[in-house]
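The structure appears right after this line, and notes come after that.
Please read these numbers as outputs of a predicted model, since none were measured by experiment.
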Amino acid sequence: MVGQGLLVIDIGKTVAKAVLCDMAGRQLQRRERQNAVTHRDGLRILDTAGVEAWLVEVLREFAPLADIRGIVPVGHGAAAAVVRGGALVCPPLDYEQPLPPRVRADYDAQRDPFAATGSPRLPDGLNLGAQLHLLEAERPDALAGDARILTWPQYWSWRLSGVAATEVSSLGCHTDLWRPLEAAPSALAERRGWAERLAPVRPAGSVLGTLRPEWAAKTGLSPRVEVFCGVHDSNAALLAARGFTEFRDRVATILSTGTWFVAMRSPGADARPGSFTLPEARDCLVNVDVDGRPVPSARFMGGREIQLLLGDDGLRIDAPDAQRAILAAFPEAMAGGAAIAPTLAPGTGPFPRRQGGWVRRPEAKEERAAAVALYAALVADAALDLVGARERLLIEGRFAGAQAFVRALATLRPETTLFVADGPLDPVFGACRLVDPDLPAPYRLREVAPLDVDLAGTRARWRAEAEAEGAVP
């Protein structure tokens with residue numbers, strides 16, 4: 001046993017992670033699980049049962065390794081569960097669940113303006129309000145009685161502690177349910193009665209309670225383990241960045257990379273009374289940090305697009321043993337004119353109206369990986385411009401280790417200093433900082449060196465083509 005520890009459970013869209021940390025935030029053990037898509041009553045739902053069964057096994061494995069003092073849930077946005085009488089009655093919908101056209105049109109007519117919520121109109125169920133609208137259309141009694149709506153990280157804190165809560169970083173994540181400048185539910189949420197169904201709003205770092213006896217019995221953890229309210233994953237990454245002196249109280253942006261690439265700039269800079277200045281139709285939004293402050297943000301489905309482009313190549317751009325080969329192939333890919341046009345996840349990102357893909361696909365898989373890394377950097381560069389990113393940028397998450405990607409982005413943005421951490425930096429460290437806000441970063445940052453190539457012409461041509469023909473709203 002290594003002494004006292006914290007357990008962070010990070011339930012992402014694609015991957016669920018459980019990480020055992022010491023009290024300094026250093027990661028000791030890590031387990032991951034690929035999440036499955038399940039269906040019920042013709043709707044796509046999140047696999048709560050599968051994640052929970054896996055989580056029990058991991059907690060049982062971790063229990064003897066440390067004196068675990070607390071559990072902090074982290075989760076992706078655009079997901080919520082409905083509970084009633086201590087039971088789950090409506091599992092969270094998968095945010096890729098389409099809405100029938102008539103249901104979609106009815107919902108769109110009721111949404112509040114972007115100036116009030118900072119929440120853009122997104123496809124499928126990416127606005128949480130759209131999910132609730134569909135749920136009530138399918139099940140009119142879904143929110144009857146003492147039903148409570150729990151945002152995704154807080155579903156897990158409820159399962160572990162029995163205490164129902166919501167939290168502002170999840171409520172302010174393109175839900176249509178929150179007014180960031182007023183720190184209050186939206187007019188839509190009030191009109192539809194959803195506001196009164198939201199579980200009480202609690203601070204992300206607050207202790208909701210201790211571990212339920214049944215969870216203690218089946219995992220071997222102490223029933224005195226504290227369960228924290230929890231936080232939205234991208235906001236946990238933002239909180240992690242603030243643990244570094246280079247980013248504390250300074251103009252800075254974090255680029256969180258996973259299924260989604262999310263650029264989040266220093267909070268409050270673009271908040272004006274009653275309005276936001278971001279381009280709504282280009283997948284820009286206003287997130288809300290754990291302190292309730294508006295955070296100008298832009299995003300695209302980078303991890304999904306990388307997966308679609310590489311398919312079954314067997315060469316991941318973030319694989320540690322592939323970095324040298326991909327970097328070596330970069331000049332050949334450029335010389336051969338390898339190119340990719342946006343967008344492969346329709347309706348998302350800086351160019352939501354474009355339908356993209358390979359323009360020229362190289363034969364060699366290393367060159368394909370290099371071209372994909374450059375494509376991800378070009379889209380990230382556009383997203384960063386939309387939020388006015390400048391001076392400092394911290395790249396975290398799965399693709400921070402993709403050298404061709406981070407170095408291409410450094411080359412595209414010569415006036416910005418890019419950093420990555422020399423250890424695993426992801427929402428886990430941010431979750432640890434909820435428990436101890438003064439926790440210093442356990443790793444150092446290092447600057448990203450640009451590539452020894454000139455990408456200015458490539459950037460100008462690619463951006464002009466991406467923005468042509470009405471592709472930019």
Side-chain angles (χ1 to χ4, degrees), residues 11 13 35-52 73 75-112 117 119 121-168 170-178 184-202 229-230 232:
I11 313 301
K13 177 65 164 66
N35 292 330
V37 175
T38 60
H39 295 81
R40 180 180 297 179
D41 300 326
L43 299 175
R44 296 168 61 103
I45 61 172
L46 301 183
D47 185 16
T48 54
V51 172
E52 182 165 320
H76 66 77
V82 177
V83 301
R84 185 188 302 121
L88 175 66
V89 293
C90 295
L93 292 180
D94 184 325
Y95 60 58
E96 293 183 271
Q97 169 63 45
L99 272 66
R102 187 171 299 177
V103 174
R104 176 84 244 185
D106 184 34
Y107 177 72
D108 286 346
Q110 300 182 45
R111 294 180 64 245
D112 297 340
T117 64
S119 179
R121 191 266 193 204
L122 297 174
D124 298 334
L126 278 164
N127 296 118
L128 185 54
Q131 296 183 29
L132 296 177
H133 183 73
L134 175 63
L135 183 63
E136 288 195 311
E138 296 285 331
R139 292 184 53 182
D141 64 341
L143 297 178
D146 63 350
R148 285 291 177 266
I149 300 169
L150 309 181
T151 36
W152 185 228
Q154 289 67 51
Y155 168 76
W156 293 103
S157 55
W158 171 77
R159 284 295 298 146
L160 293 165
S161 71
V163 179
T166 52
E167 184 272 331
V168 292
S170 290
L171 286 174
C173 174
H174 53 81
T175 63
D176 288 347
L177 305 181
W178 197 249
S186 66
L188 169 69
E190 296 283 3
R191 289 194 306 270
R192 295 295 298 270
W194 299 336
E196 65 188 48
R197 295 299 181 189
L198 292 173
V201 178
R202 297 283 298 273
C229 182
H232 171 232

Do any side-chain atoms of residues 36-46 form donor-acceptor pairs under 3.5 angstrom with protein atoms, and if so which ones, sequence neighbours left out?
{"unit_1": "T38", "atom_1": "OG1", "unit_2": "I45", "atom_2": "O", "d": "3.1"}
{"unit_1": "R44", "atom_1": "NH2", "unit_2": "D94", "atom_2": "OD2", "d": "3.1"}

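In this structure the side chain of I149 never reaches within 4.5 angstrom of the side chain of T166, judged on heavy atoms. Residues P100 and L134 meet the side-chain proximity criterion, which asks for heavy atoms closer than 4.5 Å. Between Y107 and L132 there is no side-chain heavy-atom pair separated by less than 4.5 Å. Side-chain contact between R104 and R121 is present, with heavy atoms from C-beta onward closer than 4.5 Å. At a threshold of 4.5 Å between non-hydrogen side-chain atoms, the residues D124 and Q97 do not count as touching. In this structure the side chain of Q154 reaches within 4.5 angstrom of the side chain of C229, judged on heavy atoms. Under the 4.5 Å side-chain criterion, counting only non-hydrogen atoms from C-beta, P153 is not in contact with E167.
Residues forming a side chain to side chain contact (heavy atoms under 4.5 Å, CB included) with S161 (at least two apart in sequence, or on another chain): V163, L208, V227. Taking the side chain to side chain contact (heavy atoms under 4.5 Å, CB included) definition, one finds that A187 meets it with D112, R191, sequence neighbours left out. A137 pairs by the side chain to side chain contact (heavy atoms under 4.5 Å, CB included) definition with nothing, not counting sequence neighbours. When the side chain to side chain contact (heavy atoms under 4.5 Å, CB included) test is applied to A81, the partners found at least two apart in sequence or on another chain are L88, P92, Y155.
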Pair Y95, K13 - check side chain to side chain contact (heavy atoms under 4.5 Å, CB included), show working. CA-CA 9 Å; Y95 60 58; K13 177 65 164 66; 3.2 Å; yes
Start with the C-alpha gap between L150 and W156, add the side-chain angles, then the distance that decides, and say whether side chain to side chain contact (heavy atoms under 4.5 Å, CB included) holds. CA-CA 9 Å; L150 309 181; W156 293 103; over 6 Å; no
List the steps and the verdict of side chain to side chain contact (heavy atoms under 4.5 Å, CB included) for R148 and R84. CA-CA 6 Å; R148 285 291 177 266; R84 185 188 302 121; over 6 Å; no
Verify side chain to side chain contact (heavy atoms under 4.5 Å, CB included) between D106 and Q110, making sure each step is shown before the conclusion. CA-CA 7 Å; D106 184 34; Q110 300 182 45; 3.5 Å; yes
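Rounding to the nearest 0.5 angstrom, the gap separating the CG atom in L128 from the OG atom in S119 is 9.5 Å. Interatomic distance, L122 CG to N127 CG, rounded to the nearest 0.5 Å: 4.5 Å. The structure places CG of L135 at 9.0 Å from CG of D141, a figure rounded to the nearest 0.5 Å. One finds the CH2 atom of W194 at 8.5 Å from the CG atom of D176 (value rounded to the nearest 0.5 Å). Taken to the nearest 0.5 Å, the CG atom of L188 stands 9.0 Å off from the OG1 atom of T117. Atoms CG and CD, from L93 and Q131 in turn, are 5.0 Å apart once rounded to the nearest 0.5 Å.
A79 and H76 get closest at one heavy-atom pair: CB-CE1, 3.7 Å. Taking each heavy atom of V103 and L99 in turn, the nearest pair found is CG1-CD2, 4.1 Å. Residues H232 and C173 approach most closely at NE2-SG, 3.4 Å, considering heavy atoms. Between S170 and T151, the shortest heavy-atom distance links the atoms CB-CB, 3.7 Å.
With H174 contributing its side chain and A78 its backbone, the two residues share no donor-acceptor pair below 3.5 Å.
Evaluation of the salt bridge (charged side-chain N to carboxylate O under 4.0 Å, His left out) test over residues 128-139, restricted to residues two or more places apart or in two chains, returns E136-R192.
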